[in-house]
Participant: 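Once you've had a glance at the structure underneath, I'll fire off some questions.
Sequence lines set the chain letters: A, B, ... in the order given, protein chains first and strands last, and positions in each chain run from 1.
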There are 2 protein chains.
Amino acid sequence: MLMRTSRGLLEDVEAALKAAGLPPLAWYDVLLELEKAGNEGMRPFELKNRLLLPQYGTSRLLDRMVTAGLVDRQDCEDDGRGQIVSISDSGRETRASMWPVYGKVLVTRIGAKLTPEEAIQLARLLSKI
Amino acid sequence: MLMRTSRGLLEDVEAALKAAGLPPLAWYDVLLELEKAGNEGMRPFELKNRLLLPQYGTSRLLDRMVTAGLVDRQDCEDDGRGQIVSISDSGRETRASMWPVYGKVLVTRIGAKLTPEEAIQLARLLSKI
DNA sequence: CCTATGTCGATGCAGTTGCATCTATATTGA
DNA sequence: TCAATATAGATGCAACTGCATCGACATAGG
(Lines give C-alpha, C1' and ligand atoms only; values in the text may rest on other atoms or scores of the structure.)
Protein backbone atom coordinates (compact mmCIF):
# COMPACT_ATOMS: atom_id res chain seq x y z
CA MET A 1 0.00 0.00 0.00
CA LEU A 2 2.78 2.35 0.91
CA MET A 3 4.36 1.86 -2.49
CA ARG A 4 1.18 2.29 -4.46
CA THR A 5 0.14 5.35 -2.50
CA SER A 6 3.43 7.15 -2.80
CA ARG A 7 3.86 6.27 -6.44
CA GLY A 8 0.50 7.72 -7.31
CA LEU A 9 1.25 10.83 -5.32
CA LEU A 10 4.59 11.21 -7.00
CA GLU A 11 3.11 10.89 -10.44
CA ASP A 12 0.50 13.50 -9.63
CA VAL A 13 3.11 15.93 -8.40
CA GLU A 14 5.34 15.39 -11.43
CA ALA A 15 2.40 15.81 -13.77
CA ALA A 16 1.33 19.03 -12.07
CA LEU A 17 4.85 20.43 -12.26
CA LYS A 18 5.20 19.50 -15.88
CA ALA A 19 1.81 20.99 -16.70
CA ALA A 20 3.03 24.23 -15.12
CA GLY A 21 6.21 24.12 -17.20
CA LEU A 22 8.36 23.53 -14.13
CA PRO A 23 11.23 21.10 -13.48
CA PRO A 24 10.78 17.70 -11.84
CA LEU A 25 10.43 17.18 -8.13
CA ALA A 26 14.02 16.11 -7.56
CA TRP A 27 15.10 19.60 -8.52
CA TYR A 28 12.91 21.00 -5.79
CA ASP A 29 14.68 18.95 -3.16
CA VAL A 30 18.06 20.10 -4.37
CA LEU A 31 17.01 23.73 -4.53
CA LEU A 32 15.56 23.54 -1.04
CA GLU A 33 18.75 22.08 0.40
CA LEU A 34 20.88 24.64 -1.33
CA GLU A 35 18.64 27.42 -0.19
CA LYS A 36 18.99 26.21 3.39
CA ALA A 37 22.74 26.05 2.91
CA GLY A 38 22.78 29.76 2.19
CA ASN A 39 25.40 31.70 0.33
CA GLU A 40 28.35 29.48 1.15
CA GLY A 41 26.62 26.66 -0.64
CA MET A 42 27.65 23.09 -0.01
CA ARG A 43 29.70 20.23 -1.37
CA PRO A 44 28.03 17.83 -3.81
CA PHE A 45 28.84 14.85 -1.61
CA GLU A 46 27.04 16.53 1.25
CA LEU A 47 24.00 17.04 -0.91
CA LYS A 48 24.20 13.41 -1.92
CA ASN A 49 24.26 12.38 1.73
CA ARG A 50 21.34 14.56 2.70
CA LEU A 51 19.10 13.56 -0.16
CA LEU A 52 20.29 9.96 -0.26
CA LEU A 53 21.01 10.19 -3.96
CA PRO A 54 23.58 8.04 -5.75
CA GLN A 55 26.86 9.78 -6.46
CA TYR A 56 26.53 9.67 -10.23
CA GLY A 57 22.95 10.85 -9.98
CA THR A 58 24.02 13.86 -7.97
CA SER A 59 26.76 14.67 -10.42
CA ARG A 60 24.47 14.63 -13.41
CA LEU A 61 21.54 16.30 -11.69
CA LEU A 62 23.81 19.19 -10.75
CA ASP A 63 25.11 19.31 -14.32
CA ARG A 64 21.62 19.83 -15.63
CA MET A 65 20.74 22.38 -12.98
CA VAL A 66 23.90 24.36 -13.64
CA THR A 67 23.12 24.30 -17.34
CA ALA A 68 19.63 25.52 -16.55
CA GLY A 69 21.15 28.35 -14.56
CA LEU A 70 19.52 27.40 -11.27
CA VAL A 71 22.73 26.40 -9.55
CA ASP A 72 26.21 27.91 -9.46
CA ARG A 73 29.22 25.64 -9.33
CA GLN A 74 32.70 26.73 -8.35
CA ASP A 75 35.91 24.95 -7.51
CA CYS A 76 36.55 24.30 -3.85
CA GLU A 77 39.57 26.07 -2.46
CA ASP A 78 40.21 23.72 0.42
CA ASP A 79 40.01 20.56 -1.61
CA GLY A 80 41.37 20.34 -5.12
CA ARG A 81 39.09 17.42 -5.98
CA GLY A 82 35.92 19.11 -4.89
CA GLN A 83 33.56 21.89 -5.70
CA ILE A 84 30.97 24.07 -4.06
CA VAL A 85 27.47 24.38 -5.39
CA SER A 86 25.03 27.09 -4.42
CA ILE A 87 21.61 28.25 -5.48
CA SER A 88 21.32 31.15 -7.90
CA ASP A 89 18.71 33.88 -7.85
CA SER A 90 17.00 32.14 -10.70
CA GLY A 91 17.08 28.97 -8.63
CA ARG A 92 15.41 30.69 -5.72
CA GLU A 93 12.68 31.99 -8.00
CA THR A 94 12.14 28.59 -9.52
CA ARG A 95 11.86 26.92 -6.15
CA ALA A 96 9.41 29.53 -5.01
CA SER A 97 7.25 28.97 -8.05
CA MET A 98 7.36 25.21 -7.62
CA TRP A 99 6.18 25.23 -4.05
CA PRO A 100 2.54 26.22 -4.60
CA VAL A 101 2.16 23.62 -7.33
CA TYR A 102 3.74 20.95 -5.17
CA GLY A 103 1.79 22.01 -2.11
CA LYS A 104 -1.52 22.10 -3.89
CA VAL A 105 -1.25 18.46 -4.89
CA LEU A 106 -0.34 17.48 -1.36
CA VAL A 107 -3.28 19.40 0.05
CA THR A 108 -5.80 17.94 -2.34
CA ARG A 109 -4.40 14.44 -2.09
CA ILE A 110 -3.69 14.32 1.63
CA GLY A 111 -5.09 17.33 3.38
CA ALA A 112 -8.54 16.76 2.01
CA LYS A 113 -8.65 13.12 3.00
CA LEU A 114 -7.15 13.13 6.45
CA THR A 115 -8.03 15.15 9.50
CA PRO A 116 -5.17 17.15 10.99
CA GLU A 117 -4.82 14.62 13.80
CA GLU A 118 -4.64 11.78 11.32
CA ALA A 119 -2.02 13.60 9.29
CA ILE A 120 0.11 14.07 12.36
CA GLN A 121 -0.28 10.45 13.27
CA LEU A 122 0.69 9.37 9.78
CA ALA A 123 3.78 11.52 9.94
CA ARG A 124 4.66 10.01 13.29
CA LEU A 125 4.30 6.46 12.02
CA LEU A 126 6.30 7.14 8.88
CA SER A 127 9.08 8.78 10.81
CA LYS A 128 9.53 5.57 12.77
CA ILE A 129 10.32 3.63 9.64
CA MET B 1 8.27 12.19 4.40
CA LEU B 2 6.05 9.73 2.63
CA MET B 3 8.19 10.05 -0.45
CA ARG B 4 11.47 9.62 1.33
CA THR B 5 10.26 6.63 3.30
CA SER B 6 8.82 4.78 0.37
CA ARG B 7 11.78 5.53 -1.84
CA GLY B 8 14.18 4.12 0.69
CA LEU B 9 12.02 1.06 1.12
CA LEU B 10 11.81 0.58 -2.61
CA GLU B 11 15.55 0.82 -3.04
CA ASP B 12 16.09 -1.72 -0.30
CA VAL B 13 13.69 -4.15 -1.90
CA GLU B 14 15.24 -3.72 -5.33
CA ALA B 15 18.70 -4.17 -3.90
CA ALA B 16 17.70 -7.32 -2.06
CA LEU B 17 16.11 -8.78 -5.18
CA LYS B 18 19.13 -7.97 -7.29
CA ALA B 19 21.46 -9.43 -4.69
CA ALA B 20 19.44 -12.62 -4.88
CA GLY B 21 19.70 -12.64 -8.68
CA LEU B 22 15.99 -11.97 -9.06
CA PRO B 23 14.06 -9.59 -11.32
CA PRO B 24 12.90 -6.13 -10.21
CA LEU B 25 9.84 -5.52 -8.11
CA ALA B 26 7.61 -4.48 -11.00
CA TRP B 27 7.88 -8.01 -12.31
CA TYR B 28 6.53 -9.30 -9.04
CA ASP B 29 3.40 -7.21 -9.36
CA VAL B 30 2.80 -8.43 -12.87
CA LEU B 31 3.38 -12.05 -11.94
CA LEU B 32 1.05 -11.74 -8.98
CA GLU B 33 -1.73 -10.29 -11.10
CA LEU B 34 -1.29 -12.93 -13.75
CA GLU B 35 -1.25 -15.66 -11.15
CA LYS B 36 -4.51 -14.36 -9.75
CA ALA B 37 -5.93 -14.27 -13.27
CA GLY B 38 -5.37 -18.01 -13.57
CA ASN B 39 -5.03 -20.03 -16.72
CA GLU B 40 -7.14 -17.84 -18.97
CA GLY B 41 -4.69 -15.04 -18.37
CA MET B 42 -5.69 -11.49 -19.06
CA ARG B 43 -5.46 -8.68 -21.58
CA PRO B 44 -2.49 -6.31 -21.37
CA PHE B 45 -4.77 -3.29 -21.09
CA GLU B 46 -6.44 -4.87 -18.09
CA LEU B 47 -3.07 -5.40 -16.47
CA LYS B 48 -2.22 -1.79 -17.22
CA ASN B 49 -5.44 -0.66 -15.54
CA ARG B 50 -4.89 -2.78 -12.47
CA LEU B 51 -1.29 -1.81 -11.91
CA LEU B 52 -1.73 1.76 -13.11
CA LEU B 53 1.15 1.42 -15.51
CA PRO B 54 1.50 3.48 -18.68
CA GLN B 55 0.52 1.68 -21.85
CA TYR B 56 3.98 1.68 -23.39
CA GLY B 57 5.47 0.57 -20.10
CA THR B 58 3.15 -2.39 -19.99
CA SER B 59 3.95 -3.31 -23.56
CA ARG B 60 7.68 -3.33 -23.00
CA LEU B 61 7.56 -4.89 -19.58
CA LEU B 62 5.60 -7.77 -21.02
CA ASP B 63 8.08 -8.00 -23.89
CA ARG B 64 10.93 -8.54 -21.44
CA MET B 65 8.99 -10.97 -19.33
CA VAL B 66 7.99 -13.00 -22.36
CA THR B 67 11.61 -13.05 -23.48
CA ALA B 68 12.60 -14.19 -20.01
CA GLY B 69 10.08 -17.00 -20.31
CA LEU B 70 8.01 -15.93 -17.32
CA VAL B 71 4.96 -14.93 -19.31
CA ASP B 72 3.18 -16.49 -22.27
CA ARG B 73 1.63 -14.25 -24.90
CA GLN B 74 -0.93 -15.38 -27.44
CA ASP B 75 -3.20 -13.62 -29.89
CA CYS B 76 -6.68 -12.91 -28.67
CA GLU B 77 -9.39 -14.70 -30.60
CA ASP B 78 -12.19 -12.30 -29.81
CA ASP B 79 -10.25 -9.17 -30.70
CA GLY B 80 -7.85 -9.03 -33.59
CA ARG B 81 -5.96 -6.12 -32.08
CA GLY B 82 -5.41 -7.74 -28.76
CA GLN B 83 -3.59 -10.51 -27.03
CA ILE B 84 -3.78 -12.59 -23.92
CA VAL B 85 -0.93 -12.89 -21.48
CA SER B 86 -0.63 -15.52 -18.82
CA ILE B 87 1.93 -16.68 -16.31
CA SER B 88 4.15 -19.64 -17.16
CA ASP B 89 5.34 -22.32 -14.78
CA SER B 90 8.67 -20.62 -14.70
CA GLY B 91 6.89 -17.39 -13.86
CA ARG B 92 5.13 -19.03 -10.95
CA GLU B 93 8.41 -20.33 -9.64
CA THR B 94 10.05 -16.97 -9.98
CA ARG B 95 7.26 -15.21 -8.16
CA ALA B 96 7.43 -17.75 -5.38
CA SER B 97 11.15 -17.24 -4.99
CA MET B 98 10.77 -13.47 -4.97
CA TRP B 99 8.24 -13.36 -2.21
CA PRO B 100 10.47 -14.30 0.73
CA VAL B 101 13.09 -11.78 -0.34
CA TYR B 102 10.48 -9.09 -0.73
CA GLY B 103 8.76 -10.02 2.49
CA LYS B 104 11.93 -10.12 4.50
CA VAL B 105 12.74 -6.52 3.69
CA LEU B 106 9.24 -5.44 4.63
CA VAL B 107 9.44 -7.27 7.92
CA THR B 108 12.80 -5.87 8.88
CA ARG B 109 11.98 -2.37 7.70
CA ILE B 110 8.41 -2.14 8.96
CA GLY B 111 7.57 -5.06 11.17
CA ALA B 112 10.56 -4.47 13.38
CA LYS B 113 9.85 -0.79 13.88
CA LEU B 114 6.12 -0.69 14.35
CA THR B 115 3.92 -2.58 16.74
CA PRO B 116 1.15 -4.58 15.10
CA GLU B 117 -1.40 -1.94 16.13
CA GLU B 118 0.70 0.80 14.61
CA ALA B 119 1.08 -1.14 11.40
CA ILE B 120 -2.67 -1.54 11.16
CA GLN B 121 -3.17 2.12 11.81
CA LEU B 122 -0.63 3.03 9.17
CA ALA B 123 -2.39 0.85 6.65
CA ARG B 124 -5.70 2.45 7.55
CA LEU B 125 -4.35 5.95 7.09
CA LEU B 126 -2.67 5.12 3.80
CA SER B 127 -5.78 3.49 2.46
CA LYS B 128 -7.64 6.76 2.95
CA ILE B 129 -5.33 8.57 0.60
C1' DC C 1 59.39 12.01 1.13
C1' DC C 2 56.90 8.32 -1.22
C1' DT C 3 54.01 4.77 -1.82
C1' DA C 4 49.39 2.78 -0.69
C1' DT C 5 44.96 3.58 -0.01
C1' DG C 6 40.83 6.38 0.28
C1' DT C 7 37.60 10.05 -1.28
C1' DC C 8 35.52 13.38 -4.73
C1' DG C 9 33.43 13.83 -8.77
C1' DA C 10 32.96 12.55 -14.00
C1' DT C 11 31.76 9.48 -17.66
C1' DG C 12 31.08 5.39 -21.26
C1' DC C 13 27.83 2.04 -21.81
C1' DA C 14 23.70 -0.58 -21.57
C1' DG C 15 19.12 -0.75 -20.07
C1' DT C 16 14.77 1.83 -18.99
C1' DT C 17 11.31 5.51 -19.24
C1' DG C 18 8.42 9.20 -21.22
C1' DC C 19 6.48 11.14 -25.17
C1' DA C 20 4.55 11.17 -29.51
C1' DT C 21 3.04 8.68 -33.09
C1' DC C 22 1.93 4.63 -35.86
C1' DT C 23 -0.59 0.41 -37.49
C1' DA C 24 -4.32 -2.53 -37.14
C1' DT C 25 -8.66 -3.72 -35.71
C1' DA C 26 -13.23 -2.51 -33.58
C1' DT C 27 -17.31 0.29 -32.99
C1' DT C 28 -20.54 3.84 -33.98
C1' DG C 29 -23.88 6.17 -36.55
C1' DA C 30 -25.45 8.48 -40.93
C1' DT D 1 -22.45 -0.19 -45.98
C1' DC D 2 -19.12 3.07 -45.33
C1' DA D 3 -16.82 6.88 -43.25
C1' DA D 4 -15.53 8.75 -38.75
C1' DT D 5 -13.88 7.82 -34.54
C1' DA D 6 -12.13 5.05 -30.76
C1' DT D 7 -9.23 1.41 -28.76
C1' DA D 8 -5.23 -2.22 -28.44
C1' DG D 9 -0.72 -2.50 -28.64
C1' DA D 10 4.09 -1.35 -30.79
C1' DT D 11 7.94 1.64 -31.56
C1' DG D 12 11.53 5.61 -32.80
C1' DC D 13 13.68 8.94 -30.30
C1' DA D 14 15.48 11.65 -26.59
C1' DA D 15 16.22 11.83 -21.78
C1' DC D 16 17.36 9.52 -17.63
C1' DT D 17 19.25 5.67 -14.55
C1' DG D 18 22.37 2.12 -12.78
C1' DC D 19 26.76 0.15 -13.01
C1' DA D 20 31.48 0.04 -13.44
C1' DT D 21 35.41 2.52 -13.85
C1' DC D 22 38.37 6.41 -14.35
C1' DG D 23 41.34 10.47 -13.23
C1' DA D 24 42.57 13.77 -9.85
C1' DC D 25 43.62 15.01 -5.45
C1' DA D 26 44.07 13.83 -0.26
C1' DT D 27 45.76 11.38 3.62
C1' DA D 28 48.11 7.79 6.27
C1' DG D 29 52.02 4.79 7.29
C1' DG D 30 56.60 3.49 6.63
Side-chain angles (χ1 to χ4, degrees), chain A residues 7-8 10-30 33-34 41-68 71-86, chain B residues 7-8 10-30 33-34 37 41-68 70-86:
Chain A
R7 203 189 51 176
L10 237 167
E11 283 167 0
D12 282 4
V13 172
E14 295 289 12
L17 288 171
K18 186 165 302 189
L22 291 168
L25 187 52
W27 291 36
Y28 182 86
D29 293 336
V30 171
E33 281 305 320
L34 291 183
M42 74 197 298
R43 301 286 298 273
F45 75 90
E46 207 176 340
L47 191 65
K48 168 201 75 146
N49 290 338
R50 282 182 200 273
L51 299 182
L52 300 175
L53 296 173
Q55 182 272 318
Y56 54 81
T58 308
S59 174
R60 294 204 257 228
L61 182 50
L62 286 172
D63 270 357
R64 282 174 244 141
M65 295 180 74
V66 168
T67 300
V71 169
D72 294 327
R73 179 154 48 183
Q74 58 186 283
D75 287 347
C76 178
E77 295 175 357
D78 303 347
D79 188 334
R81 297 164 300 182
Q83 53 193 225
I84 303 268
V85 287
S86 55
Chain B
R7 203 190 51 177
L10 237 167
E11 282 167 0
D12 282 4
V13 172
E14 296 289 11
L17 288 170
K18 187 164 302 187
L22 291 168
L25 187 52
W27 292 36
Y28 182 86
D29 293 336
V30 171
E33 281 304 320
L34 291 182
M42 74 198 297
R43 302 286 298 272
F45 76 90
E46 207 175 341
L47 191 64
K48 169 201 73 142
N49 291 338
R50 282 184 200 274
L51 299 182
L52 300 176
L53 296 173
Q55 181 272 319
Y56 54 81
T58 308
S59 173
R60 294 203 258 229
L61 180 51
L62 286 171
D63 270 357
R64 285 175 241 141
M65 295 181 74
V66 167
T67 300
L70 306 184
V71 168
D72 294 327
R73 179 153 49 182
Q74 59 186 280
D75 286 346
C76 178
E77 295 175 356
D78 303 349
D79 188 335
R81 297 165 300 181
Q83 52 193 225
I84 302 267
V85 288
S86 55

Participant: Whole angstrom is fine here: how far is it from CG in B:Asp79 over to P in D:dT7?
Facilitator: 13 Å
Participant: Return the minimal non-hydrogen interatomic distance between B:Arg7 and A:Leu52, and the atom names on each side.
Facilitator: NH2-O, 3.5 Å
Participant: Look up atom CG in B:Leu62 and atom CD in B:Gln83, then write down how far apart they are to the nearest 0.5 Å.
Facilitator: 7.0 Å
Participant: Which heavy atom in B:Glu14 sits nearest to a heavy atom in B:Leu25, and how many Å separate them?
Facilitator: OE1-N, 3.2 Å
Participant: Hey, could you give me the CG/CH2 distance between B:Leu22 and B:Trp27, rounded to the nearest 0.5 Å?
Facilitator: 11.0 Å
Participant: Taking only N and O in the side chain of A:Arg81, is any of them less than 4.0 Å away from OP1 or OP2 of D:dC22?
Facilitator: no
Participant: Looking only at heavy atoms, what is the nearest atom pair of A:Ser86 and A:Gly41, with distance?
Facilitator: CB-CA, 3.8 Å
Participant: Under a 4.0 Å N-O cut-off, is there an ion pair linking A:Glu46 with A:Arg50?
Facilitator: yes
Participant: With a 4.0 angstrom cut-off to heavy atoms of chain A, pull out the first and last contacting nucleotide of DNA chain C, in 5'-to-3' order.
Facilitator: C:dG6 to C:dC19
Participant: For A:Pro24 and B:Arg43, find the nucleotide of DNA chain D closest to each by heavy atoms; which residue's nucleotide sits nearer the 5' end?
Facilitator: B:Arg43
Participant: Can you see which heavy atom on B:Leu61 is nearest to which on B:Leu53, and at what distance?
Facilitator: CD2-CD1, 4.1 Å
Participant: May I have the distance from B:Leu10 (atom CG) to D:dG18 (atom P), rounded to whole angstrom?
Facilitator: 11 Å
Participant: Contact list please: residues 50-68 of chain A against DNA chain D, heavy atoms, distance less than 4.0 Å, in numerical order.
Facilitator: A:Pro54, A:Tyr56, A:Arg60, A:Arg64
Participant: Nearest whole angstrom, please: distance from the P of D:dA8 to the CD1 of B:Ile84.
Facilitator: 13 Å
Participant: Which part of the nucleic acid, if any, lies within contact of A:Lys48, taking any heavy atom under 4.0 Å across all strands shown: a base, the sugar-phosphate backbone alone, or nothing?
Facilitator: nothing
Participant: Using heavy atoms to find the nearest nucleotide of DNA chain C for A:Gln83 and A:Glu11 separately, return the residue whose nucleotide is more 5′.
Facilitator: A:Gln83
Participant: Expressed as a whole number of angstroms, how long is the span from B:Leu17:CG to D:dG18:P?
Facilitator: 15 Å
Participant: Can you tell me how far CZ of A:Arg60 sits from CD of A:Gln55, rounded to the nearest 0.5 angstrom?
Facilitator: 9.0 Å
Participant: Would you kindly compare B:Trp27 and A:Arg73 by the position of their nearest DNA chain C nucleotide and give the one closer to the 5′ end?
Facilitator: A:Arg73
Participant: Tell me if a side-chain donor or acceptor on A:Arg73 pairs with a main-chain N or O of A:Ile84 at a distance below 3.5 Å.
Facilitator: no
